[in-house]
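A short write-up of the structure that comes next.
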Amino acid sequence: MRTRTELQVLERIGRAIAAGPKTFLLVIIAFVAISGAIGSGVVSRLASGGFEDPAAESSIAKDVLARDLGIASPNLVLLVTAPDSVDSPQAQRVGAGLAADLAAEPEISQVVSYWTADRNPGLRDADGRSALVVAHIGGDENAAAKRVDGLRERYAGVRDGVEVKLGGSVAAAFDTETAAQADLQAMEKLAFPILFLVLVLVFGSLVAALLPILMTIPVVIGVLLLLRIMSEFMSVSVIAMNAATIIGLGLAIDYSLFVVSRYREEIQARGGDVTDRAVRSAAIAAAVRTAGRTVLFSALTVTLSLAALAIFPLYFLRSIAVAGIGVALFAALAAVIVVPTLLALFGSKIDSLDARKLFRRGKAKAPRTQESGFWYRLASLVMRYPARIAVGVVLVLLVLGTPFLRVEFSLPDDRQLPMSSQSRQVGEAVRTGFTSREADTITVVADTPGVGKDDIAAYASALSRVPGVAEVVSAAGTYTAGLAGRPSPESGRMLNDKGTFLKVVPSVEAFSDQGGQLVGDLRAVPAPWPAKMAGAGPALYDTKATLADRLPLVLGFIALATFVLLFLFSGSVVLPIKALILNVLSLSATFGAMVWVFQDGHLSGLLDFTPTGALTAVSPILMFCLIFGLSMDYEVFMLSRIKEGYDRTGDPVGSVASGLQRTGGLITAAAALMGVVTVAGVFTSSIAFQKMFALGLTLALLVDAFVVRGLLLPAFMRLMGRANWWAPAPLRRLHRRIGIAEHDDPPVPQPVLAGSTYR
């Protein structure tokens, strides 16, 4: 027999809340106050970046360079623009002064400028009006980015008629972090008023609409506390805060909607007298026992989907995984504690200030029967023509997903920022005006003692012949297209008793197909000693390889977890497989749209972003795990009601129509409410990566709530009939012992009614 322990625990929680809501309210207020105080300083501890595998060749090479040779890739760029020419005395004076001042700054090293590098043409643009000063800021990514604001105050601006702008990867990271924080505040300011208006339409009364909004407060505060604790043990991406906030708001409102809806059903089942405290208390306990159980199970599915992100070694994904897991659990706890507390406190006033009265005119209409409901009629229509509808919808989703077959990947750079960002302006100038890419230098390191200059010369000459290489600087000299050129001021410090390093200056963009091809070609050149490569290009190359290597494990983990959880919930081995197929179809359409919009650049004017011809490499994986979890959230809620009807009647078709009628409107409302949050993210975010994340979630929610749940699910359920609930006998016995369901009534299968439309 299935254990009732968890049902008893949830019911006791519900009864305790109904009996003493003020005590629970004091505990909630204390949690918010303490968590807010601890988590308020988390913003200063968040970091940008986190897109590199610490065990990859490029990361190891970067560590070796810093540890043994005191060298690091350039991450700071000063763009110096003169009114006439960078060779004028005025520009030369300013440029040389900037280089000298930068070299005197603490933790800034490897300062190279056009004027101090023998007027290297690679550091001057094509029209001769702009030149570069490049350097490296020491420390970790977070500490280096924090210095950008102060450096801009001292160096950016106009000096003696010469304009100076500060950019580079560390400046782009700082600008991204600053923009992400501002975007989050703007999203919240836009989303909350709209959320309240939509909730009024959903619940009818102003008081009831306040419940989900009030519930989000401890969830959002809990996010800050969680991130603050995480920052003590690991690097936490600034994007994790935005992602966790969006997830938390969406789940909190969804879960509160489920609990309040069930509470109202339980009130009606007990005669509808909301003024009777005993009725309200019993309804709260029943709602926590039933809907609360589904909410906890749903949070578990979201948690496991997000947990898959932790399989990747990139701290960007791992921090979102941990934050997402925490916020899903916070939202579930708030649904079974905060919402019932508010229901008990509001009592009979829950439907006060009924906004629907403003729109009511004339005589009241007769109450609708279940069979007259929109979702019941839609499910009935779909189940009359299940094969045709299923085939048609599947073909449409597959066609919409075809753009993803030509997806290209990159890492985020300054182009994810708006053109008003100074680091973006510097990056654009370097990409369009300079023939070589000093800031994208690939550094080749050999930590082998006793390296000889003859071997270095031969290797540098071979590297310089690779297509896409502008020049190679080494301890043996500078090489261009295999030929030795002018000596470099750096040559003397590129060799010591621990090894050597070479600088490969590319003529192609690092985050492009040509940049990836260049890294592969360079690594294919035989080296006289073990050599590793660091830099932006190798980092992207290695990140893509790491993601591809771990992806099968992630997909297998999600598929297995989904299968096991849905089996425990439904007792069927067919429904989990069906859910996996439907989710993949839904995701294919979303991913196709992401390529069409953000890679190809359609709607870039409307959405205000710059297409780069590629998607950020981590974005499809992040969206897959998150959207899969949210889709299972809706799947669990809908299946719980369908199974409840099937266990009660034994009708494999009528239970689908009635289940869809009882949940379709609620799921649509939940998707609409979460859509408010994600759409607000689309139009308030100034960072292209966040904009893509928000738009992807919006499209996925729409496809899942309307197309998958409204059309494909009833069509597939009709086609399979009773086979939907099939499982081998041993698994059926296992499910009877450990299975999970929202209701606690034992199943009583009955034959289909003689007058049923479907046989």
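Any value given below was found using the heavy atoms of this structure, including those in side chains, with hydrogens, waters and symmetry copies removed.
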Practice prompt. Step by step, work out the side chain to side chain contact (heavy atoms under 4.5 Å, CB included) result for Thr294 and Phe258.
Written response: CA-CA 9 Å; Thr294 299; Phe258 298 162; 5.8 Å; no
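- How far CG of Leu660 is from CD1 of Ile667: 7.5 Å, rounded to the nearest 0.5 Å.
- Heavy-atom minimum distance, Tyr376 versus Gln661: N-OE1, 2.8 Å.
- A heavy-atom distance below 4.5 Å is found between the side chains of Leu304 and Phe557.
- Here the closest non-hydrogen pair linking Leu378 and Gly710 is CD2-O, 3.7 Å.
- Closest approach of Ala331 and Val219 over heavy atoms only: CA-CG2, 4.0 Å.
- We find the CE-CG distance between Met383 and Leu719 to be 11.0 Å, quoted to the nearest 0.5 Å.
- Between Leu673 and Leu195, the closest side-chain pair of non-hydrogen atoms falls below 4.5 Å.
- Between Ile247 atom CD1 and Leu626 atom CG the span is 4.5 Å, to the nearest 0.5 Å.
- Contact check for Val707 versus Val393: side-chain heavy atoms found under the 4.5 Å cut-off.
- Atom CG of residue Leu639 and atom CG of residue Leu575 lie 5.5 Å apart, to the nearest 0.5 angstrom.
- With sequence neighbours left out, Phe624 forms a ring pair (Phe, Tyr, Trp, His ring centres under 6.0 Å) with Phe628.
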Discussion item. I'd like to know whether Tyr646 forms a side chain to side chain contact (heavy atoms under 4.5 Å, CB included) with Arg722, so could you lay out the CA-CA distance, the side-chain angles of the two residues, the decisive distance to 0.1 Å, and finally the verdict.
Written reply: CA-CA 10 Å; Tyr646 181 73; Arg722 293 185 185 278; 3.6 Å; yes
Worksheet item: Passes side chain to side chain contact (heavy atoms under 4.5 Å, CB included), Phe563 versus Val573? Steps please.
Response: CA-CA 8 Å; Phe563 184 89; Val573 297; 3.9 Å; yes
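- At distances below 3.5 Å, not a single donor-acceptor pair connects side-chain atoms of Ser586 with backbone N or O atoms of Val703.
- Proximity of a side-chain donor or acceptor of Ser281 to a complementary backbone N or O of Ala278 within less than 3.5 Å is not detected.
- Residues Val259 and Val336 fail the side-chain proximity criterion, which asks for heavy atoms closer than 4.5 Å.
- Within the 3.5 Å criterion, the main-chain N or O of Gly721 finds a donor-acceptor partner in the side chain of Asn724.
- Between the side chain of Arg15 and the backbone N or O of Ala285 there is no donor-acceptor pair closer than 3.5 Å.
- A donor-acceptor contact shorter than 3.5 Å links the side chain of Arg270 to the backbone of Glu266.
- At least one side-chain heavy atom of Val677 sits less than 4.5 Å from a side-chain heavy atom of Met187.
- Proximity of Val339 to Tyr255: side-chain heavy atoms (C-beta onward) are nowhere separated by under 4.5 Å.
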Item to complete: Apply side chain to side chain contact (heavy atoms under 4.5 Å, CB included) to Leu697 and Ile627, showing your working.
Response: CA-CA 7 Å; Leu697 282 181; Ile627 294 170; 3.6 Å; yes
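- Here Gln268 pairs with nothing under the side-chain contact (heavy atoms from CB on, under 4.5 Å) rule; sequence neighbours left out.
- Counting all heavy atoms, side chain and backbone alike, Ser655 lies closest to Ile642 at CB-O, 3.7 Å.
- Nearest heavy-atom pair, Gly696 versus Met623, reported as atom, atom and distance to 0.1 Å: CA-SD, 3.8 Å.
- Formation of a donor-acceptor pair under 3.5 Å by the Thr562 side chain with backbone atoms of Ala559 is not found in this model.
- Distance alone, capped at 3.5 Å, places no donor-acceptor pair between the Arg289 side chain and the Leu10 backbone.
- The side-chain heavy atoms of Arg280 and Leu343, taken from C-beta on, include no pair separated by under 4.5 Å.
- The shortest side-chain heavy-atom distance between Leu206 and Phe196 falls under the 4.5 Å cut-off.
- Atom CG of residue Leu560 and atom CG of residue Leu565 lie 9.0 Å apart, to the nearest 0.5 angstrom.
- The aromatic rings of His735 and Phe567 sit perpendicular, their planes meeting at an angle over 60°, well past the 30° parallel limit.
- Residue Thr216 comes nearest to Leu249 through the heavy atom pair CB-CD2, 3.8 Å, listed as atom of the first residue, atom of the second, then distance.
- Rounding to the nearest 0.5 angstrom, the gap separating the CE atom in Met230 from the CE atom in Met241 is 12.0 Å.
- The side chain to side chain donor-acceptor pair (under 3.5 Å) contacts involving residues 665-677 comprise nothing, where partners must be two or more places apart or lie in separate chains.
- Under the side chain to side chain contact (heavy atoms under 4.5 Å, CB included) test applied with Val260, the options Leu199, Leu342, Leu211 reduce to a single match, Leu211.
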